[in-house]
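Below is one structure, written out as structure tokens; comments come after it.
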Amino acid sequence: MRKITYIDAMNEALHEEMQRDENVFVIGEDVDIDGGVWNECYKLMETFGKQRVVGTPISESAFSGLAAGAAMCGLRPVLEFMYMDFVGVAMDQLCNQIAKLHIMSGGQVKIPVTIRMCGTGTGSREAAQHSQSLEAWFAHIPGFKVVMPATAKDSKGLLKAAIRDDSPVIFIENRNLYYEKEPVPEGEFIVPIGQGEIVREGTDVTVVAVAYSRHKVLKALEMTEASVELIDPRTVDPLDMPLILDSLAKTGKLLVVQEATSECGIGAEIVRQVVEKGFDYLDCPPVVLGGKNIPTPFSAPLEDHVLPQVEDIAEKITAFAKYQI
Amino acid sequence: MRKITYIDAMNEALHEEMQRDENVFVIGEDVDIDGGVWNECYKLMETFGKQRVVGTPISESAFSGLAAGAAMCGLRPVLEFMYMDFVGVAMDQLCNQIAKLHIMSGGQVKIPVTIRMCGTGTGSREAAQHSQSLEAWFAHIPGFKVVMPATAKDSKGLLKAAIRDDSPVIFIENRNLYYEKEPVPEGEFIVPIGQGEIVREGTDVTVVAVAYSRHKVLKALEMTEASVELIDPRTVDPLDMPLILDSLAKTGKLLVVQEATSECGIGAEIVRQVVEKGFDYLDCPPVVLGGKNIPTPFSAPLEDHVLPQVEDIAEKITAFAKYQI
Amino acid sequence: MIKKYYKRMLTIRYFEERIKQMYRGGEFFGAIHLYIGQEAIAVGLCSQLSDNDYVFSTHRGHGHYLAKTHDTKGAIAELFGKETGCSHGYGGSMHMFNPLKGFMGGNGIVGGGIPLALGAAFSAQYRGTNEVSVVFFGEGASNQGTFHESLNLAALKKLPLIAVCENNRYAATTPVALSTSDEDITKRADAYGIKSLSVNGNDLTEVIAAAKKAVKHVRSGNGPFLLDCKTYRVEPHCGIIADKRPEDELAQWQKPENDPLNCYQAQHPKELNSATVAALETDVKYEIEEAVEFARASSFPKVENFIKEFAVQ
Amino acid sequence: MIKKYYKRMLTIRYFEERIKQMYRGGEFFGAIHLYIGQEAIAVGLCSQLSDNDYVFSTHRGHGHYLAKTHDTKGAIAELFGKETGCSHGYGGSMHMFNPLKGFMGGNGIVGGGIPLALGAAFSAQYRGTNEVSVVFFGEGASNQGTFHESLNLAALKKLPLIAVCENNRYAATTPVALSTSDEDITKRADAYGIKSLSVNGNDLTEVIAAAKKAVKHVRSGNGPFLLDCKTYRVEPHCGIIADKRPEDELAQWQKPENDPLNCYQAQHPKELNSATVAALETDVKYEIEEAVEFARASSFPKVENFIKEFAVQ
Ligand SMILES: Cc1ncc(C[n+]2csc(CCOP(=O)(O)OP(=O)(O)O)c2C)c(N)n1
Ligand SMILES: Cc1ncc(C[n+]2csc(CCOP(=O)(O)OP(=O)(O)O)c2C)c(N)n1
Ligand SMILES: [Mg+2]
Ligand SMILES: [Mg+2]
């Protein structure tokens with residue numbers, strides 16, 4: 001299969017969807033200039049022109065609202081936050097407007113907005129205001145779907161699915177994956193929202209790895225003998241619980257790995273649903289390995305300490321595998 | 001014991017703390033006029049004057065930041081959001097500034113801000129944008145403490161503790177409790193942050209009731225034979241896990257009741273910690289009874305349907321009590 | 001036209017009076033913010049709009065809704081939370097919707113609707129229609145960040161947006177002097193290079209003239225326009241809040257010449273003679289009573305449909 | 001004074017050049033935004049402040065930090081993430097802090113620091129000191145809601161705030177014409193009734209004169225002041241972003257008369273003759289190399305202390 005980068009895969013999705021549906025447009029800071037700061041909008045301006053490739057001032061509330069209003073009138077905006085961390089300035093437009101307009105109107109308006117959270121990730125020493133993974137905020141608010149592709153293939157397939165979805169979709173990207181080449185099928189394909197993926201089959205432990213953690217877990221597997229079933233949920237709201245529960249029926253042991261802080265995170269949510277729906281499968285206490293409950297510090301050794309490292313994951317997996325009922 | 005309302009109890013706390021420490025001031029919309037829209041600032045203006053009772057325009061980001069900057073210079077602001085739902089417009093100032101300044105400065109500045117989330121609650125038919133209980137957003141972000149008093153006594157004692165705390169404290173009030181008279185001791189007292197309360201002792205089921213749910217559970221107890229240990233966590237971040245775990249050691253069964261949506265909520269967090277630290281205590285799957293995953297609709301029957309009702313709680317408790325291992 | 005416009009104002013006035021009465025009587029719940037005293041603004045603006053044009057409203061939106069849609073029944077039924085309501089009971093007072101008539105919703109968040117209105121204006125530009133998007137907001141809302149961001153963005157993109165500030169001198173209990181450092185909102189428009197006009201918002205004739213100018217400017221592709229309408233909130237902010245405004249101030253604003261209905265009537269003594277007005281009053285009252293009966297007789301939305309239609313999981 | 005001010009600009013210039021080199025060499029990581037070409041603004045403003053006055057900075061804050069604190073060692077050590085850094089390694093380039101010298105931090109959120117600066121100004125007013133609070137921000141940031149809300153609030157409360165817009169013509173890759181509907185930011189100040197001045201931000205003499213006026217105005221209790229400083233960002237926005245600005249534009253701004261250091265030197269040929277400048281250059285280079293050695297030799301912060309001091313649970 002051909003190999004392209006995560007960012008190019010998303011860029012292909014944008015080209016294809018904008019070609020397919022003239023109501024699709026992109027909006028965000030710098031998207032109209034030199035293909036955007038991440039190169040995510042490469043050639044969009046040249047191909048679709050400035051009415052459909054809308055550069056904005058640094059006014060996230062205003063342009064998020066613009067997207068919502070345009071969606072109310074039938075357009076399908078793809079909205080960009082340059083980093084997920086900046087979403088704080090627009091939480092009202094996202095969570096009180098975009099997520100709720102459909103229901104507040106009694107179903108009369110739809111808000112098919114795709115909200116790209118670019119530049120999410122850690123490990124590049126960008127400190128507390130550029131290192132957050134805030135998927136839990138949106139999973140907590142009814143009205144959104146939330147996806148977190150961890151491969152180039154999923155980045156394309158999920159972006160296309162998001163754009164075609166009639167609900168607002170929070171699309172969370174990881175900057176550490178942007179420029180790695182990976183296999184991506186040619187042409188059209190969709191990765192359905194709500195479908196997880198079994199990355200590795202195994203029998204000892206089920207590891208659910210959220211987003212970038214998938215790659216950390218894969219590295220950790222090289223350091224352990226345990227037979228691990230690795231699941232990438234891909235969509236974190238709604239979760240693919242049947243997939244997770246089926247795996248647990250086999251392994252009886254659950255580890256969730258995520259970069260976000262554990263408190264009230266996706267891992268906690270998975271545990272809540274797992275114990276409610278699959279308590280009898282569990283042979284030992286499910287554990288969430290997440291970011292520590294501290295704002296991410298700048299200094300390298302401190303940042304590494306705050307986030308789950310490959311060694312931590314390997315250690316936990318080994319301990320889990322050894323655990324006897 | 002004398003009886004006063006929740007709102008008057010907080011008002012007393014403000015008078016006492018402003019008297020005690022000249023660095024304490026209050027800031028928010030309408031706080032300087034007629035005692036504030038909830039009467040929460042009754043007589044503050046008359047007593048402390050306009051430099052310490054600071055009315056603002058409807059500019060939540062600006063005045064939240066003002067509070068943070070003032071705190072960096074040694075003041076101790078008590079900041080008001082008229083309804084918790086409005087916090088979306090100021091999430092950056094709260095979560096990227098107030099919560100992180102202490103650590104980003106390497107500990108050189110402290111941010112002793114108390115952030116009052118007034119008017120939280122449901123059941124009064126105020127629809128999707130005036131019905132949210134967003135404690136999980138703040139529990140997820142490192143750097144905050146989060147308290148949710150459910151009685152007049154706790155509202156006073158926790159407000160005083162929050163004002164004296166050197167960390168930013170999210171103080172979540174419930175509008176349905178504001179004007180009910182309840183017993184409150186005379187004079188000075190503090191309710192320590194991080195301490196839950198056993199409201200009722202019991203042996204069959206542990207029910208952790210978040211905020212207003214405490215009152216719903218008390219009503220539900222009149223409809224069931226089960227012996228329930230009712231815990232009001234009072235602080236939801238950090239949670240008083242020893243208290244909850246001790247109770248579980250006795251009952252083996254956990255029900256969490258909250259008004260917030262269950263997904264990634266405080267209940268999920270309690271479950272995460274309980275299974276990690278007290279898995280062997282559990283006789284049956286712990287359950288979270290929370291708001292449904294739908295923005296709160298206006299119409300009475302729909303709103304009632306979305307939120308856990310007394311009958312739902314009673315039913316769940318009875319089922320739990322009957323559950324045999 | 002004169003009779004029609006007067007009747008529209010009268011409908012809003014009587015609607016609000018009736019609502020107030022029923023609310024106090026405990027017939028329905030939730031927050032209500034009355035529009036009494038500001039009728040000329042909604043009616044004046046909407047007089048220049050078609051169903052294809054968009055209106056984005058606020059927490060104080062009954063008047064905007066009625067002026068844009070003339071749908072009294074849907075409005076009252078919505079306040080009652082009935083499935084025949086204009087938002088099928090899901091929205092209530094602050095979230096009336098009627099997209100078919102171009103009414104794009106109220107908003108419970110002060111300043112929350114301004115960015116949304118940009119989107120409808122953008123959609124008109126995108127599709128090359130000549131629709132305009134009108135957003136109402138209070139002087140209090142003009143101090144929210146969204147106001148600033150939206151006006152700058154509208155100016156940059158030359159969007160067909162009319163921003164209508166209803167300066168009713170109060171935001172909840174805060175007088176304008178304590179919320180808005182320079183009360184003249186047109187200066188803010190100047191800062192973005194946006195054309196603007198200040199008008200007496202209680203004089204329908206003035207409002208109509210200004211609305212005409214604004215709509216013409218915007219529809220011709222000249223970019224946004226701001227209208228600064230001076231008015232006064234006659235009722236308390238909402239159901240639950242104490243109102244201790246100076247009595248003389250209240251009295252001043254309740255004088256006939258300052259009341260939008262009286263003022264318009266005085267300008268048109270012939271068309272709006274007492275017999276005509278009396279007839280209109282009868283009509284309007286009847287229409288409203290009919291709507292009340294309709295709302296009362298309607299059913300609540302069904303929980304079963306609700307779950308099917310809206311539940312995500 | 002002239003030598004001192006020139007030396008301060010030179011320190012920033014050489015600091016940034018050295019940083020750029022080390023960053024490219026992979027000696028440290030994270031985002032860095034260079035201040036080259038804007039030195040006169042930070043130096044001019046800070047020349048009028050004491051340690052008791054406050055500065056709130058941005059993502060592009062090295063220059064502000066050095067001008068306010070003269071702490072080269074703490075700055076470089078911070079970029080290296082060392083415990084001797086001015087934020088003990090917790091902050092990095094965007095979060096330098098030195099509250100003892102009145103430096104209240106950079107900010108990774110565009111427009112995020114403006115509200116914070118209100119707070120220091122408020123504190124001065126509250127305690128009755130005559131401190132002033134200065135906040136720097138880019139023309140890009142002037143389109144954030146926080147700008148608007150903060151200026152209105154500062155004007156209402158007459159806070160001792162100096163808002164310094166560094167209009168360097170770009171926000172990341174977006175030129176000012178595409179972000180700011182009217183480039184003249186002083187018009188925005190007018191809208192709030194805030195006094196303001198526009199200056200050539202690359203002419204230190206002009207900046208100092210304007211800063212004097214602003215500080216005097218603000219310190220005397222007359223409320224906030226806005227300075228609109230026209231300048232140019234000579235370097236790319238930050239490490240990772242491609243820079244495709246027009247070559248002639250770049251060349252124009254790199255001409256000696258447009259460079260803040262050359263410009264100042266030309267104004268003071270005697271005090272800043274080539275021998276003096278050469279000596280200053282030697283001094284500054286030496287100082288910076290010393291700071292680099294200091295940073296290299298320093299230890300990383302210890303994880304154990306970290307947990308003790310900051311962990312909540
Ligand atoms: C962001 C936000 N802050 C506060 C409120 C509470 N609130 C509702 S209406 C109102 C006053 C609004 O004043 P104005 O914009 O002048 O409109 P008016 O009520 O006068 O029509 C306030 C403070 C809110 N709904 N949203
Ligand atoms: C709220 C927010 N949006 C976007 C960004 C990304 N960003 C960082 S700097 C920058 C440009 C800022 O431009 P300006 O304010 O003019 O300052 P300059 O970089 O020119 O000094 C952008 C878009 C951010 N940090 N915060
Ligand atoms: Mg008003
Ligand atoms: Mg700039």
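Chain identifiers are assigned alphabetically (A, B, ...) following the order of the sequence lines, protein sequences preceding nucleic acid strands; residue numbering begins at 1 within each chain.
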Discussion item. Under a 3.5 Å threshold, yes or no: a donor from one side chain and an acceptor from the other, between A/Ser124 and A/Glu126?
Written reply: yes
Whatever's closer than 4.5 Å to a heavy atom in chain D on A/Asp32 counts as side chain
### Message
Under 3.5 Å, is there a donor on one side chain and an acceptor on the other for A/Glu259 and A/Thr122?
### Response
yes
Among residues 103-112 of chain D, those lying within the under-4.5 Å heavy-atom range of chain A are D/Asn107, D/Gly108, D/Ile109, D/Val110
Heavy atoms of D/Asp243 and D/Pro236 approach each other most closely as OD2-CA, 3.4 Å
The reported gap from CG in D/Asn168 to CD1 in D/Ile36 (rounded to nearest 0.5 angstrom) is 13.0 Å
Taking atom NZ as the centre, does A/Lys216 end up with more than 12 heavy-atom neighbours from other residues, nucleotides or ligands that are less than 6.0 angstrom away?
yes
If you tally heavy-atom pairs under 4.5 Å between each of A/Pro301, A/Gly88, A/Gly36 and chain D, the highest tally belongs to A/Pro301
May I ask you to say whether A/Asp304 pairs ionically with A/Arg125, meaning some side-chain N is under 4.0 Å from a carboxylate O?
-> yes
Under 4.5 Å to a heavy atom of chain D? For A/Ser61 that would be neither
Exercise. Determine the interplanar angle of the D/His64 and D/Tyr35 rings, folded into 0 to 90°, and report it as parallel if under 30°, tilted if 30 to 60°, perpendicular if over 60°.
Key: perpendicular
Okay, D/Ile32 and chain A: the region with an atom under 4.5 Å from a heavy atom over there is neither
> Between A/His130 and A/Phe86, how do the two ring planes meet: parallel, tilted or perpendicular, split at 30° and 60°?
Replying inline: perpendicular
